Every structure is written in structure tokens, then in C-alpha cells.
Trainee: 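Sharing a structure with you now.
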Protein chains: 2
Amino acid sequence: MAEYFNQAHLLLAVDCIIFGFDGEQLKILLIKRSFEPATDQWSLMGGFVGANEDVDGAAQRILLELTGLKEVYLEQFKTYGDPNRDPMERTVSVAYFALIDIHKYEKQISHNFHAEWFLLNEAPKLIFDHDQMVEDAKKKVRYKAALHPILFELLPKKFTIPQLQSLYEQVYNTSIDNRNFIRKLSSTGLLIKLEDKDKSASKRGAFYFKLDKDLYKTKFQSFINFMPNLDNIIG
Amino acid sequence: MAEYFNQAHLLLAVDCIIFGFDGEQLKILLIKRSFEPATDQWSLMGGFVGANEDVDGAAQRILLELTGLKEVYLEQFKTYGDPNRDPMERTVSVAYFALIDIHKYEKQISHNFHAEWFLLNEAPKLIFDHDQMVEDAKKKVRYKAALHPILFELLPKKFTIPQLQSLYEQVYNTSIDNRNFIRKLSSTGLLIKLEDKDKSASKRGAFYFKLDKDLYKTKFQSFINFMPNLDNIIG
DNA sequence: GCAAAAGTGTTTCGGTTACACCCATGC
DNA sequence: GCATGGGTGTAACCGAAACACTTTTGC
């Protein structure tokens, strides 16, 4: 096959920022790196893009290989191209973030590959520019979640309003008035109330809800102001 | 220097979607490709990332080399990684969009490199996946401009309200009530009224305005609803 | 009976919409 | 004097914000 003349070839990697919610807390999944350089330091899930592999496909493959995760919400958000970002060899990295329900994948994750969940605020220092990637991913999620209902991707099929509210509060590191929150949610029509309650978190118990999936798909791209008045929170 | 073992290296390109406004119409800058494959077909401005070159830097360099453009608004928005997107050789492309005032750069552009401005709706078919890139870039600009004042980047220092409104109308392919439009703009405080008028478009003349640059920088990242009720326009 | 979390309404405020006429000028 | 585009105000409506108390139940 003909090739372009005299052009530099380089390594292309993908890195995944995996956000998870266990019903109570927002976490991030990290692994201990098992090869040089920076062996045994904490890192994002990453890997190289194969010679004939689609880049989005590579992100899915890596997620699957390292965690068993499949068909999760995964979105490309930025490509990092500083020539010195990897001290070993010039590597450009395409970064993705994933949103998952921790319980749904608990078993696969914990055993393979030294992966571990960290509270978002208690994550260790990461290799290379991975801390920057995490910062950017957090911003991106905050931005997108203010306008689109992506945070439901972090929840199990059945969830309660207090759980959902707690999730929003953690993502935006703020407190939300519960009456206004519920009103806004109801107005979207996305929630369907179920008949049973979650009694694990309180004596009274909180009703379970599920997503109206059709409406979710329809409305996903519309602007919905989930967090009005954010302005400078997002930066 | 040590290298990662046995990993596939590939070509990395950048492609720039350059949107321009001449005070009346919204356009896109394309070039006639001068090398194989697809010689003489229309294409985006693009080029390969050098061995020790920052990817964002490569985008700026290419913009400068092919058009003389410098210090323009340039934003990375998506990386295209289909292994078959370039029939010659596996090439991943990082796409950027630029927003410029056409008159400011008229001279440099027209003479070098067979670059030509096309009306956004009358652009010719492009090579590879460049049509898809343009579509994605249009969506991205619409999305971003609904929340942030980026469209000012397309205007000269002095501009009139009717020009600005026409720009918004073209970007969103819609018509806007001019009283409400002005009210919204005034409420942002971003505009400073000047004393002279543009008489080229009407007998009465329209007052020139300029941007309050400090406020522009401050407010750039805040959410401002420039186009409420968009919902499904954006997709 | 009391601690702990769930659930529920109202009022105020500000922004969004819809809508139609006069103004200034060049010809 | 008339054609052309520029510029201005108001009323109705709707969503956002602020605000506190009652309900349920396990212990």
C-alpha cells in the first residue's frame, strides 16, 4: 500500500476516566500500572490503539479488557497532544469518560488488574497528565449534566429521589433544595414512580423510580436546565 | 530512547473547519488538495502532526501556513479514528474549528494555496470524512454559541446590531425578533455603543458597537442563554 | 416518644415571548 | 414623498428561587 511520504508516525493511546456511583458516593476507578515507565503508580485505564482499530472501538475494548465493562456510557471528550506528556515515547492520547453504576459491575472489576474505586476527592496522584484529564473530565461531566440527563447512567434501574439528589449534589459540590429539585424532575416527565420502597437508608423508606427510556432517548439532546444558575461553577 | 514494545505507530493529522463571516454571509474556507490521493478535490485545511509537535500547535501552524491566519479563535472538538477514513494510509485526525472575520484576512488567504470561501450551504463535496467533520463542527458551533458569546469572534471590531442578528439567524437558520434580541444583548452588558454609523447597508445607517473585552473574558465561560428554546435545533 | 429521613405548596421575582409602529435618510 | 432598513415599549406568561412543616417508621 502506498503511504504518505516522509511523515512522522507516532503512538496513539486512549485513556478512560471511569466515574461510578454506588448509590451513596461518587467514585473514580483507577489501576496500578504494571509496566514501565511509572510502574506501580496509579493511572487511568488506558491502552494503545491498534493498527487497524477504530479509536472509539479501542476505548471500548480497553474498558472491556480491564474491567469487564460493556455497553456503558462512554464519550470521547478531548485529545491530549503535548509532545512530552509521556516520558517514554511520544504518545498522543484520546481521552474518554465513562459513567457506570458501580454495583452492576462490582464483581468483574475488583478481581482483575488491580483496579480500585476511589472517592473522587481522595484519589491519589496519577501519572503523566492524567490528573489534568480527570479535572477536564469532571468539568465536562458537570457541563453536560447541567443540560442533558446523563447522570442517570450512573444509577441502577431502580433508584430513589434522595439518591438522585445526592448524586447531583456530589457532582456539583453543592446543596439543592429538595422541593425545587423534585419539581424540576417531575416537569421533565422522565421518571416513573414504582410501587416499592428502598428501606435501606431510612425507616420510612423512599419510593423507587425508574427512567422512562423512550422519553429519555427522545429528550436526551434537548436542553433541559437541570442546574440553572450555574454560571461560574463550571469554568 | 526506550520505546513501548511492539505497538503500532500511525499518522496523526489535524483538520481545521474555518468558519468566516464577511458582514453579510456565513462561509467556510476550503482548499483544493494538491497531493495524492484525491488531488484536486476540495478538502479542509489539514496537515500532519510533526514528531515533536504539540497537536494544538500543529493546528495553529497549519492555519498559519495555509492562510496566514494567526491568533484566531481555534478550538479542538473531535478526533476521528475510523481505520479506513483515509484510503492511502491509516491516519487519525484531530479536528478543530476556527472562527474568523473574513475581511481581516482577505488578502493573505485568496492568493496562497488555492483557498476559497464558500457559502455554508453551497460548499462542494469534500474528501474522506470531511463532510461529516463539517456537519459536526456546525453542530458544535451552534451548541456552544447558544451558551457562550463565541460568535463575536466572527465579527470585526466595529459591527452593527443588524449584522450581529443576521449572523445569529444564519447560524441557527431561523429568524429572530429584533426587539427581544436587542434586549437580551443589552442585558449581557457586552456591547458598547459607538458614535458613528455604518451607512453601507441602509440610508439611515446603523450604529456601530464594539465588545467590552474585559467583560467578554470574564463572562465567556458563564452560561448565557443566547438562544433559548432551541431544544431540538441542536441535535 | 423520639430520632431520622421522606415528602409536600406557596409566593415572589425575573426572564421569555409575542406583538406593531415611528424614525431617519437618500433618492 | 416614498421606499428602505433601523430602532423602540408593553403586557402576559412561565420557570426559578426562596422558604418550613408534617409524615412515617424503627428503635
Side-chain angles (χ1 to χ4, degrees), chain A residues 23-25 146-147 149 158-170 172 174-209 219 222-234, chain B residues 23-25 146-147 149 155 158-170 172 174-209 219 222-233:
Chain A
E24 294 182 355
Q25 295 184 295
L147 301 165
K158 289 164 59 176
F159 53 86
T160 67
I161 304 276
Q163 272 180 344
L164 183 58
Q165 181 171 343
S166 156
L167 174 55
Y168 272 88
E169 289 177 334
Q170 288 178 61
Y172 292 101
T174 184
S175 63
I176 300 175
D177 180 284
N178 65 340
R179 288 161 292 185
N180 292 336
F181 183 71
I182 291 170
R183 191 184 1 266
K184 174 154 299 174
L185 278 172
S186 319
S187 77
T188 66
L190 288 171
L191 294 190
I192 298 170
K193 190 173 190 169
L194 301 179
E195 303 204 332
D196 51 336
K197 286 183 165 188
D198 168 27
K199 296 221 165 193
S200 65
S202 75
K203 294 155 191 168
R204 181 177 178 179
F207 278 104
Y208 279 117
F209 288 77
K219 286 204 171 182
S222 346
F223 278 176
I224 302 178
N225 255 1
F226 286 98
M227 302 293 294
N229 265 15
L230 278 190
D231 271 39
N232 299 309
I233 295 182
I234 280 178
Chain B
E24 294 184 356
Q25 295 185 295
L147 301 165
L155 291 165
K158 290 163 59 174
F159 52 86
T160 68
I161 303 274
Q163 272 180 342
L164 183 59
Q165 180 171 344
S166 155
L167 174 55
Y168 272 89
E169 288 177 335
Q170 287 179 60
Y172 292 102
T174 184
S175 62
I176 301 175
D177 181 283
N178 63 342
R179 290 162 291 186
N180 294 335
F181 183 70
I182 291 170
R183 194 185 356 265
K184 175 152 300 173
L185 278 172
S186 320
S187 76
T188 66
L190 287 172
L191 294 189
I192 298 171
K193 191 172 190 170
L194 300 179
E195 303 206 332
D196 50 336
K197 285 183 165 188
D198 169 27
K199 297 221 165 192
S200 65
S202 75
K203 293 155 191 166
R204 181 178 178 180
F207 278 105
Y208 279 118
F209 288 76
K219 287 205 170 179
S222 341
F223 279 175
I224 302 178
N225 256 2
F226 286 98
M227 300 295 289
N229 264 18
L230 278 188
D231 270 41
N232 300 310
I233 296 182

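Numbers restart at 1 for each chain; the letters A, B, ... are given by sequence-line order, proteins then strands. Heavy atoms only: backbone and side chains are in, while hydrogens, waters and symmetry mates are out. Predicted model only: the values in this text are computed from it and were never measured.
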Trainee: Identify the heavy atoms of A:A146 and B:F223 that sit nearest to each other, and give their distance.
Mentor: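 Closest heavy-atom pair between A:A146 and B:F223: CB-CE1, 4.1 Å.
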Trainee: Across nucleotides 3-9 of chain D, 5' to 3', mark each nucleotide with B, S or - according to how protein heavy atoms within less than 4.0 Å reach it.
Mentor: BSBBBBB
Trainee: Please state how far atom CD1 in A:I176 lies from atom P in D:dA17, giving the value in whole angstrom units.
Mentor: 11 Å
Trainee: CZ of B:F226 versus P of C:dG15: gap in Å, rounded?
Mentor: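 Between P of C:dG15 and CZ of B:F226: 14 Å.
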Trainee: Kindly write out the residues that satisfy side-chain contact (heavy atoms from CB on, under 4.5 Å) with A:S186, not counting sequence neighbours, or none if the list is empty.
Mentor: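 For A:S186, the residues satisfying side-chain contact (heavy atoms from CB on, under 4.5 Å) (neighbours in sequence not counted) are A:I182.
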Trainee: Rounded to the Å, how far apart are B:D198 CG and C:dG26 P?
Mentor: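 Answer to the nearest Å: 13 Å.
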Trainee: Tell me the closest heavy-atom pair linking B:E169 and B:I176, and the distance in Å.
Mentor: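 Closest approach of B:E169 to B:I176, heavy atoms only: OE2-N, 2.9 Å.
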Trainee: Determine whether a donor-acceptor pair (N or O, by modelled atom type, separation under 3.5 Å) exists between the side chain of A:K219 and the backbone of A:T188.
Mentor: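 Between the backbone of A:T188 and the side chain of A:K219 there is a qualifying donor-acceptor contact (under 3.5 Å).
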Trainee: Given atom CD1 of A:I224 and atom P of D:dG15, what is their separation to the nearest angstrom?
Mentor: 13 Å
Trainee: Calculate the interatomic distance between B:N225 atom CG and C:dG14 atom P; express it in whole Å.
Mentor: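 After rounding, the reported distance stands at 17 Å.
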Trainee: Give me the bend of the helix from C:dG1-D:dC27 to C:dC27-D:dG1, using the axes of the five pairs at each end, rounded to 10°.
Mentor: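 So the angle between the two local helix axes works out to 10°.
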Trainee: B:S166: what forms a side chain to side chain donor-acceptor pair (under 3.5 Å) with it, not counting sequence neighbours?
Mentor: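 Applying side chain to side chain donor-acceptor pair (under 3.5 Å) to B:S166 gives B:Q170.
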Trainee: Enumerate the ring pair (Phe, Tyr, Trp, His ring centres under 6.0 Å) contacts for residues 189-208 of chain A, please, sequence neighbours excluded, ordered by first and then second residue.
Mentor: none
Trainee: Would the distance check show the side chain of B:K184 and the main-chain N or O of B:N225 forming a donor-acceptor pair, the cut-off being under 3.5 Å?
Mentor: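 Answer holds: yes.
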Trainee: With B:F181, which residues qualify under ring-ring contact (aromatic ring centres under 6.0 Å, His included), at least two apart?
Mentor: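 With neighbours one apart ignored, the set is B:Y168.
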Trainee: Between A:K184 and D:dA16, does any side-chain N or O lie under 4.0 Å from OP1 or OP2?
Mentor: yes
